[in-house]
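Chain letters run A, B, ... following the sequence lines, proteins first, then strands; residues in each count from 1.
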There are 2 protein chains.
Amino acid sequence: MATLPVRELSPLPHGHPCYGCEARKVAVCGVLPPLELAELKDCGSNLQLQEGQPLFHEGDPASQVYNVTQGTLRLYKLLPDGRRQIMGFMMPGDFLGASIGGEHAFTAEALEPTRLCRFGRARFADFGEEHPALERELYRLAGHELAAAQAQMVLLGRKSAVERVASFFMSLLDREERFDGKPHKIIDLPMSRSEIADYLGLTKETVSRVFAELKNRRLIRLAALTRVEVLDRHGLADVAEGYSEA
Amino acid sequence: MATLPVRELSPLPHGHPCYGCEARKVAVCGVLPPLELAELKDCGSNLQLQEGQPLFHEGDPASQVYNVTQGTLRLYKLLPDGRRQIMGFMMPGDFLGASIGGEHAFTAEALEPTRLCRFGRARFADFGEEHPALERELYRLAGHELAAAQAQMVLLGRKSAVERVASFFMSLLDREERFDGKPHKIIDLPMSRSEIADYLGLTKETVSRVFAELKNRRLIRLAALTRVEVLDRHGLADVAEGYSEA
DNA sequence: CGCGTGCTTGACCAATGTCAAGTATGGTGG
DNA sequence: CCACCATACTTGACATTGGTCAAGCACGCG
């Protein structure tokens, strides 16, 4: 991958401390009242990545934390022979900062044009100490990530291919609904079949076949290659949880 | 499972605030200087579980946090049809408290006679606020758990059966060595083949066959059913990381 | 309109799961 | 101390799921 230089935007545009964060109920920024949010802006700067561009690699020193405002990142680990496990996808509103011993535990790459706001880890930490609400929020987020990781372990360790894909759709649906509160039917997939496969512990061929099966079972419809319409939400949820595999 | 009443021990024995914690470099207690550790004792009580006895179930309200001092617990989630994924094993020195929204995300059961010290979540939190070292330690632990969960995702999503078992042995070995700093050769397995299988996303038969294969390859020796001797540490590590599967 | 890339589909294969004996181990009671 | 029993582990034969390899298709970009 020809590592393009990361494009630096202006050190945070006027009106908006964490440019774009307020559009969704964004992690971290979301818990701060406007005044303190404005204060936080001095710690951060804006950042843009092109498709395929890495934000950091596994093992890099972790001196920054990030808030995704637009686009999508893939987080992954590689085995020496190239097998890839995608740990998750970061989308607008997600906070990216967890690390142990100051090193990133995975690689983060944009899979489409992506914007983030970046904070120096140290300054961010200082800021956190003065704002317990922020620290509490970070701890809460860590808890959520852990819960998500555990759900993913069940998926990878014990679910069949159909169950994995159904669970994947359900979690994307749930994610959307957590933002605006109202039910959704359409899922837009910013990631390729390969990426879905590497996230679900399958191959791209199996993912493709399972899409076809779910289509035949009238649980979904493919409005386009990257656009899934959920036709039977409850049916899909049942498959995801492992019922109905009679 | 006939849920025996949890056996309550005295509200913490004299000399030792967190009875047994000091034996190993125990999470949480380990970071506190003796004086503050003594102070912490007033928040906690001692607890003993028999083999098979649950500490809490998935979905239970999480009002306590625990430190394991002896024995082993299995943490697991179930699918509706009974498939089980074990998220991990808690052993002496481990801290058990993570939860989201005040609910436990998994079931915890003793797989052998087990002792813990228990703290009320609220009092523990109060104590934490006065001891930043403790809070920092908790945050650090959460980071470690997350890293472990991510490594397990790679294992479950992308590793073969042999690689999984080899990784399992290596992580038990590493765990021992993190405590006393010196290299180990012997691994005692407190858990059954079934439990190993449910942890690694395999069946007990496959686990058994892989044990046999590693024995044939002279990487391990079975000193007893529950006692593994590692004959070739580097060889085993290579298998675990996915090299050498020519 | 044509090309490239990524997606789909098919045929076949390998790894692991399932089911069923058979064997070892450790605990219990004589 | 030994014999027996229950349980857990091992091993074998076979089934199944999902992976591999290869061809064909289709979408989207130029």
Side-chain angles (χ1 to χ4, degrees), chain A residues 1 50-52 74 79 81-85 111-113 155-168 188-216 220-228 239 242 245-246, chain B residues 1 50-52 74 79 81-85 111-113 155-168 188-216 220-228 239 242 245-246:
Chain A
M1 184 163 308
Q50 296 312 313
E51 181 176 338
R74 54 174 174 254
L79 289 175
D81 64 357
R83 277 173 284 173
R84 177 175 69 168
Q85 178 65 39
L111 55 82
E112 58 180 347
L155 182 148
L156 294 169
R158 287 293 174 231
K159 290 190 182 177
S160 72
V162 219
E163 290 164 358
R164 293 181 198 202
V165 174
S167 302
F168 177 61
D188 272 298
L189 302 171
M191 66 294 280
S192 71
R193 301 292 191 263
S194 261
E195 286 164 334
I196 298 174
D198 283 350
Y199 178 56
L200 299 179
L202 302 168
T203 60
K204 58 183 189 306
E205 291 92 337
T206 299
V207 169
S208 208
R209 278 186 255 266
V210 171
F211 274 41
E213 179 184 340
L214 292 174
K215 235 166 36 182
N216 292 339
I220 63 167
R221 208 173 68 84
L222 281 181
L225 264 184
T226 63
R227 168 163 295 204
V228 178
V239 173
E245 292 304 306
Chain B
M1 183 164 308
Q50 297 313 313
E51 181 176 339
R74 54 175 174 254
L79 289 175
D81 63 357
R83 278 173 284 174
R84 177 176 69 168
Q85 177 64 42
L111 56 80
E112 58 181 344
L155 182 148
L156 294 169
R158 287 294 174 232
K159 290 191 182 176
S160 72
V162 219
E163 290 164 359
R164 294 182 197 201
V165 174
S167 302
F168 176 61
D188 272 299
L189 302 172
M191 67 293 281
S192 71
R193 301 294 191 263
S194 260
E195 285 164 334
I196 297 173
D198 284 350
Y199 179 57
L200 299 178
L202 302 168
T203 59
K204 57 182 190 303
E205 291 93 337
T206 299
V207 169
S208 207
R209 278 186 255 267
V210 171
F211 274 40
E213 180 184 339
L214 292 174
K215 235 167 34 182
N216 291 338
I220 62 166
R221 208 172 68 82
L222 281 181
L225 266 183
T226 63
R227 167 163 296 204
V228 178
V239 173
E245 292 303 307

| Of B/L189, B/V210, B/V207, which meets side-chain contact (heavy atoms from CB on, under 4.5 Å) against B/F168? | B/L189
| said: For a quick check of understanding: with a heavy-atom distance under 4.0 Å over all strands, which category does A/S192 fall into, base, sugar-phosphate or nothing? | reply: sugar-phosphate
| Residues that B/L222 engages under side chain to side chain contact (heavy atoms under 4.5 Å, CB included), provided they are two or more places apart | B/R193, B/F211, B/K215, B/V228
| message | How many whole angstroms separate atom CZ of A/R83 from atom P of C/dA15? | response | 12 Å
| Rounded to whole angstroms, how far apart are CD on A/E51 and C1' on C/dG6? | 13 Å
| Whole angstrom value for the distance that separates C1' of D/dT11 from CZ of B/F211 | 15 Å
| message | For B/N216, give me all partners under side chain to side chain contact (heavy atoms under 4.5 Å, CB included), at least two apart in sequence or on another chain. | response | none
| Rounded to the Å, how far apart are B/R193 CZ and C/dG17 C1'? | 18 Å
| query | How would you list, by chain and number, every residue that makes a side chain to side chain contact (heavy atoms under 4.5 Å, CB included) with A/S208, sequence neighbours excluded? | reply | none
| query | When you look at B/R74 and B/M191, which way does the side-chain contact (heavy atoms from CB on, under 4.5 Å) test go after all the steps? | reply | CA-CA 9 Å; B/R74 54 175 174 254; B/M191 67 293 281; over 6 Å; no
| Starting at CG of A/D198 and ending at P of C/dC7, how long is that distance when rounded to a whole Å? | 12 Å
| Who are the side chain to side chain contact (heavy atoms under 4.5 Å, CB included) partners of A/R221, not counting sequence neighbours? | A/A223, A/E229, A/L231
| How sharply is the helix from C/dC1-D/dG30 to C/dG30-D/dC1 bent, taking the axes over five pairs at either end and rounding to 10 degrees? | 40°
| task | Only counting residues at least two apart or in another chain, list the ones meeting salt bridge (Lys or Arg N to Asp or Glu O under 4.0 Å) with B/E205. | result | none
| task | Could you tell me the separation between the CE atom of A/M191 and the C1' atom of C/dC7, rounded to a whole number of Å? | result | 16 Å
| Counterpart residues, salt bridge (Lys or Arg N to Asp or Glu O under 4.0 Å), relative to B/R158 (two or more places apart) | A/D198
| query | Reading nucleotides 18-30 of chain D 5' to 3', which nucleotides get B (base under 4.0 Å from a protein heavy atom), which S (sugar-phosphate only), which -? | reply | SSBB---------
| task | Whole angstrom is fine here: how far is it from CG in A/L214 over to P in C/dT8? | result | 12 Å
| Please give, in whole Å, the distance from D/dT11 C1' to B/E213 CD? | 15 Å
| Does a side-chain heavy-atom distance below 4.5 Å link B/L156 with A/Q85? | no
